[in-house]
Structure formats: structure tokens, C-alpha cells
Amino acid sequence: NISNIVVLLASNSEEYIKVIAFLNKALKIPNPYTVWLRPHPVFPLSDAIEIAGKPQFSYYESDKETLDECLAWADVAVYVHSTSSIESLSRGLPVICLNIDNAISPDPLFSFTDFRWWVESPQDLVKIIDEINALSENEFHERQKKAVAYTEKYFYPVNEENMDIFLKV
């Protein structure tokens with residue numbers, strides 16, 4: 001069951017403010033989740049909190065942990081358009097994309113839906129988590145395998161042959 005949620009923040013303070021507002025509505029206290037907010041290394045979370053105020057849900061700012069540590073800790077990754085969603089899938093984590101703008105989707109996963117869920121409104125986040133929790137163990141693992149296979153299209157092994165191709169470009 002999902003209890004640990006890592007929120008992968010990506011682009012700027014405006015995104016952070018919108019995500020916090022979304023999560024304030026979705027994760028009202030009390031809730032059964034432990035939430036880590038992982039800011040992008042270039043954009044500190046504190047800038048958004050100065051403008052929007054402290055989140056109204058319990059959270060930990062995971063700005064000292066590596067992405068590897070965050071993903072190893074999490075049961076699910078939540079994002080808006082972070083390419084870390086691809087890294088999450090490669091590690092077998094289900095991912096949830098928040099549609100905070102209702103505009104053209106910046107989701108790097110495009111039409112992949114086997115292990116990625118899309119949330120339009122804050123009221124749907126917990127429902128989607130429950131939907132993931134309701135998957136049979138077999139279905140969860142089948143979707144997980146498809147996710148890992150999907151990400152292998154993005155990531156190539158680091159070896160001499162691939163480095164030669166990269167360096168020639």
C-alpha cells in the first residue's frame with residue numbers, strides 16, 4: 001500500500017505554488033501519507049513558501065537527499081512535468097501526473113498510461129492512490145514491467161560503443 005509520496009518539483013516557483021495549493025486541497029490533515037517535497041536543485045522551495053505560505057499538509061523538504069534516495073524511499077512519485085518521472089518509472093515506481101494548468105500537457109511521458117495516472121482535480125488524488133492500491137499484485141507487477149521496458153527506450157547503457165556515438169554527435 002502507498003504511504004510514502006515523493007513530489008518531484010521541477011520548473012520554477014510558480015509551479016511550486018500551484019502544486020502546494022493543489023496538495024493543500026488534496027491532502028487535508030489528517031491523511032495517512034508521508035509526503036516529501038523534492039525541489040529542483042536550482043529552485044529552492046523556500047521562495048514559493050514565502051509567497052504561498054507554508055503547506056497545510058504535513059511534509060518534509062527533501063532538499064538534502066539525492067534523487068536516488070528519494071525514489072528508494074517512495075511508494076509513488078507525483079509530478080507535473082519533471083523528467084524525474086521517467087527515472088521513477090525505471091525504478092518500478094508508479095507515477096501520478098498533476099494537471100495544474102489545464103493547458104497543453106508538458107508531461108514527458110506523453111501517452112504512456114500503463115503505470116502513470118493523470119489527476120485533474122485535488123479531489124481525485126486520493127481516489128487515484130486508492131485505485132493504485134486496489135491493483136492486484138499480478139496487475140501491479142505487469143504494469144511495472146511495462147514501465148521499466150518503456151523507460152529503456154530513453155536510457156541506454158553507458159558503455160564504450162554508446163559513448164563513441166554520443167561523442168561523435
Going by heavy atoms in the side chains, are [X] and [Y] under 4.5 Å from each other?
{"X": "Lys153", "Y": "Phe112", "value": "no"}
{"X": "Ile49", "Y": "Ile17", "value": "no"}
{"X": "Thr34", "Y": "Tyr60", "value": "no"}
{"X": "Trp36", "Y": "Glu61", "value": "no"}
{"X": "Val80", "Y": "Tyr16", "value": "no"}
{"X": "Val19", "Y": "Ile100", "value": "yes"}
{"X": "Leu23", "Y": "Leu37", "value": "yes"}
{"X": "Leu135", "Y": "Asn133", "value": "no"}

Can you tell me if [X] uses its side chain to pair, donor with acceptor, with the backbone of [Y] under 3.5 Å?
{"X": "Thr66", "Y": "Glu69", "result": "yes"}
{"X": "Asp114", "Y": "Lys146", "result": "no"}
{"X": "Asp75", "Y": "Ser3", "result": "yes"}
{"X": "Thr151", "Y": "Val148", "result": "yes"}
{"X": "Tyr79", "Y": "Val6", "result": "no"}
{"X": "Asn31", "Y": "Leu27", "result": "yes"}

Before giving the answer on side-chain contact (heavy atoms from CB on, under 4.5 Å), spell out for Tyr59 and Leu45 the whole-Å C-alpha distance, their side-chain angles and the decisive distance to 0.1 Å.
-> CA-CA 12 Å; Tyr59 74 97; Leu45 182 60; 4.2 Å; yes
Nearest atoms (heavy-atom pairs only) where [X] meets [Y]:
{"X": "Arg143", "Y": "Thr113", "result": "NH1-O, 4.3 Å"}
{"X": "Ser85", "Y": "Leu8", "result": "N-CD1, 4.2 Å"}
{"X": "Val76", "Y": "Pro94", "result": "CG2-O, 3.2 Å"}
{"X": "Asn24", "Y": "Phe57", "result": "OD1-CD2, 3.3 Å"}
{"X": "Pro122", "Y": "Lys25", "result": "CB-CB, 3.5 Å"}
{"X": "Ser88", "Y": "Leu71", "result": "OG-CD2, 3.3 Å"}

Going by an N to O cut-off under 4.0 Å, is there a salt bridge joining [X] and [Y]?
{"X": "Glu87", "Y": "Arg91", "value": "yes"}
{"X": "Lys18", "Y": "Glu14", "value": "yes"}
{"X": "Asp130", "Y": "Lys127", "value": "no"}

Linking I/L/V/M/F/W/Y whenever any side-chain heavy atoms sit under 4.5 Å apart, do Ile29 and Ile129 land together?
-> no
Hey, quick one: are Leu9 and Trp73 part of the same hydrophobic cluster, counting side-chain heavy atoms closer than 4.5 Å, chains of contacts allowed?
-> yes
Can you list the steps and then say if Val35 with Val78 is a side-chain contact (heavy atoms from CB on, under 4.5 Å)?
-> CA-CA 10 Å; Val35 178; Val78 173; over 6 Å; no
Atom [atom1] in [X], atom [atom2] in [Y]: separation rounded to 0.5 Å?
{"X": "Glu137", "Y": "Glu142", "atom1": "CD", "atom2": "CD", "value": "11.5 Å"}
{"X": "Lys64", "Y": "Cys70", "atom1": "NZ", "atom2": "SG", "value": "12.0 Å"}
{"X": "Glu15", "Y": "Ile20", "atom1": "CD", "atom2": "CD1", "value": "10.0 Å"}
{"X": "Ser82", "Y": "Arg38", "atom1": "OG", "atom2": "CZ", "value": "8.5 Å"}
{"X": "Glu120", "Y": "Leu125", "atom1": "CD", "atom2": "CG", "value": "12.5 Å"}

Should we say atom CD of Glu139 is surrounded by more than 12 heavy atoms from elsewhere, each under 6.0 Å from it?
-> yes
So, for Phe115 and Phe140, is the gap between ring centers shorter than 6.0 Å?
->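 Ring centroids of Phe115 and Phe140 are less than 6.0 Å from each other.
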Let me see the working for Cys97 and Arg116 under side-chain contact (heavy atoms from CB on, under 4.5 Å), right down to the final yes or no.
-> CA-CA 7 Å; Cys97 183; Arg116 190 260 291 143; 4.1 Å; yes
